Amino acid sequence: MKLGQIVEKLHLETRVAVDALDNEVNNGYVSDLLSDVLANAEKGNLWITLQIHPNIVAIAGMKELAGIVIINAREPEEETISKADQERLPIMVSSMSAFELCGKLYALGLSGTKDNAEGI
Amino acid sequence: MTLNEICKILQADFIGDVKDLDKEIKMACGSDLMSDVLSFIKADSLLLTGLANPQVVRTAEMAGIAGICFVRGKQPQPGTVKLAEEKKIPLLTTKLSMHESCGRLYREGLPGCDELK
Amino acid sequence: MNPVADCIGKVYLAVMSSNNSKKDSFTARRKIPERRKTDDLKFTKVQELVYELKIGDAMMQKVITTTPQTSMSKLREILRDNRISGTPVIENGRLVGIVSIEDFIKWLAEGAQDCPIKNKMTTNVKTMYADEPLIHAVSKLDQTGFGRFPVVDRQSKKLVGIITKGHIIERLLRKMEIDYHEEEIHRYRASHIFEDIIADKVALTFRTYLKGGDFDRAGEASSGLKKTLERLGIHPQIVRRAAIASYEAEMNVIIYAESGEISVEVQPGEIHIDVTDSGPGIPDVQKAMQPGYSTAAEWVRELGFGAGMGLVNIKKCADDMELTSSPGKGTHLKIRIDIRTTQPQTKAG
């Protein structure tokens with residue numbers, strides 16, 4: 001599924017890299033721990049987090065994630081935006097909680113992982 | 001939704017001695033940042049988290065959280081389990097990811113903390 | 001060991017000094033409340049206990065004593081070995097005097113020529129009876145400023161124990177723990193308890209030392225506070241707010257400072273939580289109050305903290321919050337929570 005479709009269906013607000021929304025999203029990944037994302041997220045995942053500081057851009061770039069959604073109505077720091085702009089990494093914000101956003105993504109068909117249909 | 005139902009949906013196992021199968025869970029919250037949990041979570045919620053340190057149990061104690069489910073197969077240290085037993089907070093662990101766990105519970109009708117006013 | 005006193009660290013029972021009563025006017029003014037109907041019974045628990053428990057219930061029974069014939073040089077060993085600052089002096093089972101560390105220092109200053117204790121002890125000893133209500137000890141300790149009173153049996157005048165503020169509060173907390181039942185919490189009304197306490201001008205103070213970097217014990221102080229507030233019958237929502245605010249503040253000390261202290265005073269009507277630390281201080285307090293602003297290192301974030309929500313949370317839980325900090329010196333956080341209303345007066349901006 002294209003990131004742009006998700007943004008539209010879940011009313012996410014794109015803060016940076018609007019022109020990169022045709023990224024393909026294969027699943028969601030929810031975490032607020034950078035080490036966890038570094039270890040376990042997969043290429044093409046849409047990262048859902050509360051973290052707003054610039055390091056999230058570096059991590060997402062390294063893991064080739066499709067984009068980041070910042071939840072609970074928090075806003076990315078300025079430096080985060082400028083870094084994401086350089087990297088052409090889309091960052092969206094939502095007033096939803098992680099739980100609710102996951103629920104809605106899941107309902108759109110983003111479930112399981114590429115390697116394992118059970119989502120393990 | 002009872003803890004027992006949640007266990008089945010998430011293919012989760014209990015850790016430690018607190019096994020309140022019939023405990024009623026009204027809503028859920030998924031987070032790894034304890035300050036956010038303390039800020040947003042309501043009492044009687046289930047906390048889903050990828051962190052498994054004693055501070056998760058402390059946070060649950062302070063905020064009156066009904067139960068904790070560790071995701072991605074995380075297993076807390078014995079000291080953390082003991083603390084949860086002292087505080088009578090049930091612990092679950094599931095091999096599912098956070099995304100998958102939240103998605104399944106939401107599908108089965110469990111609301112998030114911000115939805116249930 | 002008493003788990004309650006253990007986890008809240010040092011506990012004091014302070015008697016607020018605004019009352020200018022003469023000796024014993026305290027008890028004359030304040031009789032045991034007459035309303036003893038079932039519903040009222042629960043919420044006056046703290047106050048009842050102070051009246052109903054006897055000094056004999058709270059005192060320490062094992063007392064190290066000396067005799068008038070004990071030598072002053074022997075006293076030196078007794079004080080040192082037992083780490084005490086004085087002993088009652090007993091002759092034929094009767095209390096005949098008290099000898100304190102002050103008497104001992106005076107003797108040293110006078111040349112330390114060995115002599116029996118009877119030459120140096122204070123003979124006009126203030127004592128209390130084991131069958132007096134505990135409230136007598138509370139007020140007398142406050143009025144005299146003495147740290148301890150020997151306790152004697154009213155009939156035989158024999159020494160039976162010793163009482164300090166620490167023993168009193170320990171006994172009260174333990175008693176409340178024994179009597180504590182989950183369902184009672186919801187029946188208690190905090191304001192009623194404190195209406196009773198206000199009449200007695202009693203406030204509870206808890207102080208806990210915090211060690212920076214001690215993540216294993218992080219949260220214990222706030223956990224103890226939560227338990228104590230529950231036992232005092234304070235409304236569950238207020239207990240939750242106080243516990244969350246205190247916990248966030250405690251974590252800040254553990255994460256950022258070398259050491260610190262949480263001091264909680266439960267007054268009639270409000271809870272004051274004071275957190276001081278010897279940490280690096282906050283250069284820009286206003287900025288630190290912004291949601292999401294954080295200077296935390298990555299390892300702190302990996303613990304689930306340091307996402308810039310702690311102070312915001314504290315503000316949300318408090319009725320008043322004051323943060324003062326000077327870089328290089330430390331930080332002082334003052335939190336006030338109203339006990340009488342369940343919703344905070346001021347919301348986070």
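Chain naming here is simple, since letters A, B, ... match the order of the sequence lines and numbering starts at 1 in each. Small disclaimer: the values here were computed from a predicted structure and weren't measured.
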Please check if the number of heavy atoms outside E24(B) that lie under 6.0 Å from its CD is greater than 12.
yes
Taking a cut-off of under 4.5 angstrom between non-hydrogen atoms, the residues of residues 66-82 of chain B near chain C are none
Whatever's closer than 4.5 Å to a heavy atom in chain C on N53(B) counts as side chain
Can you list the steps and then say if R240(C) with M62(B) is a side chain to side chain contact (heavy atoms under 4.5 Å, CB included)?
CA-CA 6 Å; R240(C) 188 174 189 264; M62(B) 301 308 158; over 6 Å; no
List for me each residue that meets side chain to side chain donor-acceptor pair (under 3.5 Å) alongside S263(C), sequence neighbours excluded, and say none if there are none.
none
Less than 4.5 Å to any heavy atom of chain C: does that hold for the side chain of S31(B), its backbone, both, or neither?
neither
How long is the gap from OG1 on T59(B) to CD on E248(C), to the nearest 0.5 Å?
7.5 Å
Taking atom CD as the centre, does E108(B) end up with more than 12 heavy-atom neighbours from other residues, nucleotides or ligands that are less than 6.0 angstrom away?
yes
Report yes or no: do N313(C) and S35(B) form a side-chain donor-acceptor pair below 3.5 Å?
no
What pairs with T2(B) under side chain to side chain donor-acceptor pair (under 3.5 Å), at least two apart in sequence or on another chain?
E5(B)
Non-hydrogen atoms of chain C under 4.5 Å away: do they reach the side chain of L51(B), the backbone, both or neither?
side chain
Kindly write out the residues that satisfy side chain to side chain donor-acceptor pair (under 3.5 Å) with Q55(B), not counting sequence neighbours, or none if the list is empty.
Y247(C)
In Å and rounded to the nearest 0.5 Å, what is the CZ to CZ distance from R58(B) to R217(C)?
9.5 Å
Side-chain contact test, heavy atoms from C-beta onward, threshold under 4.5 Å: evaluate it for M309(C) versus L33(B) and give yes or no.
no
Check: M251(C) and M34(B) side chains under 4.5 Å, non-hydrogen atoms:
no
Less than 4.5 Å apart, side chain to side chain, heavy atoms only: is that true for S223(C) and K87(B)?
yes
